[in-house]
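In what follows, a single structure is set out as structure tokens and then discussed.
All of these numbers come straight from a predicted model, not from anything done at the bench.
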Amino acid sequence: MLPGEKRTLLLRDRKEMRLLERACKSDHMIFGQLLLYSNFFEDGREACVPSACVPLLQVCEIREPRDAGGVEGAIWTAVKCVGRARLETEPRVQPRGFLLSQASAVPDSWRAGGCQAGGGPAEDGCGLVAAQAESALLEVRSLQDTCRSLERELQAICGSAPPPGGSEARGAAKGRLGSTSLLSSTSLLGYGDASRYTRAPLGSRLDTEVSERRAVLLQNGLDEVPSASLRKLHGAWGARSEREAQVQLASWAGFAWLSGEERLSALRSRSPVERLQWARAGLAKVRQRLATELALQRVIAK
């Protein structure tokens, strides 16, 4: 999952429920999703290796077992991704089956030769990076609109629906959940496997995707008034203003239509400009594929 995405989890194992309980007792009600990927050694062995960067998932809602979709003994919870954390130590298996590691928040860097407080050339460099990010965002928006148009044409010829997806169906290719803190170095717990990533349909525009994610992040609770800005996330994201936070959110939203591998790269990147450039390259490939498929379908339809 990337910042601003929301999904639901159905917890059935007692370890999972204890983990949820522990996270809810923390200041920010945070889970950490420990991502695993396969690593092949020279002797042919394969092992699951944890990614050093993990998504932070905040609890939005919890329902009693009897309300968890009729699944007896299960707990239904809605979570949203609010940031990222970096593993500081190798995860260790605990007696109860959890993985424990030290972790700290991962902010973005807006530096171009070094940003320093107090203005001057360094601040000008940061402003240049922000301008570059906004320019790249315009290109990503244009590419995504082109892809949407091609996909609509393709659907009209084939008569097929877009691939399943949506903000609650998106996530990392393979992962574990853990408890951690949003702003300070703390411990990270992990368990189980999360569901596989599903590419979102291109039906919604990038601006709509960003607006939906912003609304998710502004939500404080079922009975609480939403926040007016993303200020509470500025520190964890490394944003110096609401404008920068909005560009960061858009840089993650641009990967909603890309592969799990590309999304993992976006999670690890600490540069909004770099993420937007990668999103632009990824969408360019999607555009090329859709254009090729459309040309083939037009030939077949004749």
Side-chain angles (χ1 to χ4, degrees), residues 1-7 33 35 37 51 53-55 80-84 106-112 128-152 162-163 165-173 196-217 230 233 237-239 243-293:
M1 292 178 70
L2 295 174
E5 293 179 343
K6 183 177 181 180
R7 66 180 300 177
Q33 187 179 27
L35 306 177
Y37 61 93
S51 171
C53 188
V54 301
K80 61 182 177 182
C81 182
V82 295
R84 304 163 293 173
V106 179
D108 269 343
S109 172
W110 293 86
R111 299 189 177 187
L128 177 61
V129 172
Q132 291 174 343
E134 291 181 339
S135 176
L137 177 57
L138 291 175
E139 297 182 54
V140 171
R141 183 183 291 116
S142 176
L143 264 174
Q144 200 263 338
D145 284 341
T146 301
C147 290
R148 289 177 63 242
S149 178
L150 290 171
E151 188 172 69
R152 284 196 301 267
S167 59
E168 294 191 5
R170 300 163 202 163
R196 288 191 170 275
Y197 164 75
T198 303
R199 181 179 75 82
L202 284 158
S204 61
R205 299 185 70 247
L206 177 61
D207 290 344
T208 302
E209 184 74 21
V210 174
S211 296
E212 291 177 352
R213 294 187 183 208
R214 181 180 176 85
V216 166
L217 292 171
L230 299 172
L233 296 173
W237 288 11
R243 178 182 175 183
E244 288 186 350
Q246 189 71 8
V247 172
Q248 288 174 289
L249 183 58
S251 73
W252 285 306
F255 285 82
W257 305 279
L258 301 181
S259 69
E261 183 178 354
E262 289 169 312
R263 288 164 56 85
L264 182 57
S265 296
L267 181 73
R268 292 170 173 168
S269 173
R270 297 187 59 190
S271 168
V273 175
E274 183 179 59
R275 284 197 299 271
L276 287 166
Q277 290 172 342
W278 289 349
R280 180 180 58 194
L283 285 171
K285 294 178 182 178
V286 173
R287 179 186 59 183
Q288 183 178 7
R289 177 181 58 79
L290 288 172
T292 302
E293 290 182 6

(message) Looking at every heavy atom in both Ala133 and Leu276, which two are closest together, and how far apart are they?
(response) O-CD1, 3.1 Å
(message) Donor-acceptor pair, distance only, cut-off 3.5 Å: does the side chain of Ser269 make one with the backbone of Ser265?
(response) no
(request) Check Pro272 against Ser251 and note the closest heavy-atom contact, atom names and distance. (result) O-CB, 4.0 Å
(request) Look only at the side chain of Ser149 and the backbone of Asp145, and say whether a donor-acceptor pair between them is shorter than 3.5 Å. (result) no
(message) Using side-chain heavy atoms (C-beta onward) and a distance below 4.5 Å, is Thr208 in contact with Glu212?
(response) yes
(request) Decide, yes or no, whether a salt bridge links Arg214 with Asp207 under the criterion of side-chain N to carboxylate O below 4.0 Å. (result) no
(message) Any heavy-atom pair between the side chains of Leu290 and Arg152 that's under 4.5 Å?
(response) no
(message) Please evaluate residues Val106 and Leu267 with respect to the criterion side-chain contact (heavy atoms from CB on, under 4.5 Å), reporting the C-alpha separation (whole Å), side-chain torsions for both, the decisive distance (0.1 Å), and the verdict.
(response) CA-CA 10 Å; Val106 179; Leu267 181 73; over 6 Å; no
(request) Could you tell me the separation between the CH2 atom of Trp278 and the CG atom of Leu283, rounded to the nearest 0.5 Å? (result) 14.5 Å
(message) Applying side-chain contact (heavy atoms from CB on, under 4.5 Å) to Thr292 and Arg289, what does each step give before you reach the verdict?
(response) CA-CA 5 Å; Thr292 302; Arg289 177 181 58 79; 5.8 Å; no
(request) Search all heavy atoms of Arg270 against all heavy atoms of Pro107 and return the closest pair with its distance. (result) NE-O, 2.7 Å
(request) Drop me the distance from Gln144's CD to Cys147's SG, to the nearest 0.5 angstrom. (result) 7.0 Å
(message) With heavy-atom distances below 4.5 Å as the criterion, would you say the side chains of Pro55 and Leu35 are in contact?
(response) yes
(request) Ignoring hydrogens and angles, tell me if any N or O in the side chain of Trp252 forms a donor-acceptor pair with the backbone of Arg263 under 3.5 Å. (result) no
(request) Locate the shortest heavy-atom distance separating Val210 from Leu249; write the atom from each residue and the value. (result) O-CD2, 3.8 Å
(message) Salt bridge check, Arg243 against Glu134: does any charged N sit closer than 4.0 Å to a carboxylate O?
(response) yes
(request) Taking all heavy atoms of Gly254 and all of Ala279, pick out the closest pair and write down the distance. (result) O-CB, 4.1 Å
(message) Working to the nearest 0.5 angstrom, can you tell me the gap between Leu206 CG and Leu137 CG?
(response) 6.0 Å
(message) Go through it in stages, so that I can follow the logic: the residues are Gln277 and Glu139, the test is side-chain contact (heavy atoms from CB on, under 4.5 Å), and I'd like the CA-CA distance, side-chain angles, deciding distance and then a yes or no.
(response) CA-CA 9 Å; Gln277 290 172 342; Glu139 297 182 54; over 6 Å; no
(message) Donor-acceptor check, side chain of Gln132 to backbone of Val273, threshold 3.5 angstrom: yes or no?
(response) no
(message) If I take atom OG from residue Ser271 and atom CD from residue Gln248, how far apart are they, to the nearest 0.5 angstrom?
(response) 10.0 Å
(message) With a 4.5 Å cut-off on side-chain heavy atoms, are Val286 and Glu151 touching?
(response) no
(message) Nearest 0.5 angstrom please: Leu143 CG to Arg280 CZ, how far?
(response) 8.5 Å
(request) Start with the C-alpha gap between Trp237 and Glu244, add the side-chain angles, then the distance that decides, and say whether side-chain contact (heavy atoms from CB on, under 4.5 Å) holds. (result) CA-CA 10 Å; Trp237 288 11; Glu244 288 186 350; over 6 Å; no
(message) Quick check for you: to the nearest 0.5 Å, what is the distance between Phe255 atom CZ and Glu5 atom CD?
(response) 11.5 Å
(message) What I'd like to find out is whether the side chain of Arg141 reaches to under 4.5 Å of the side chain of Arg205, using heavy atoms alone.
(response) yes
(message) Side chains of Leu2 and Arg213, heavy atoms from C-beta outward: is any pair under 4.5 Å?
(response) yes
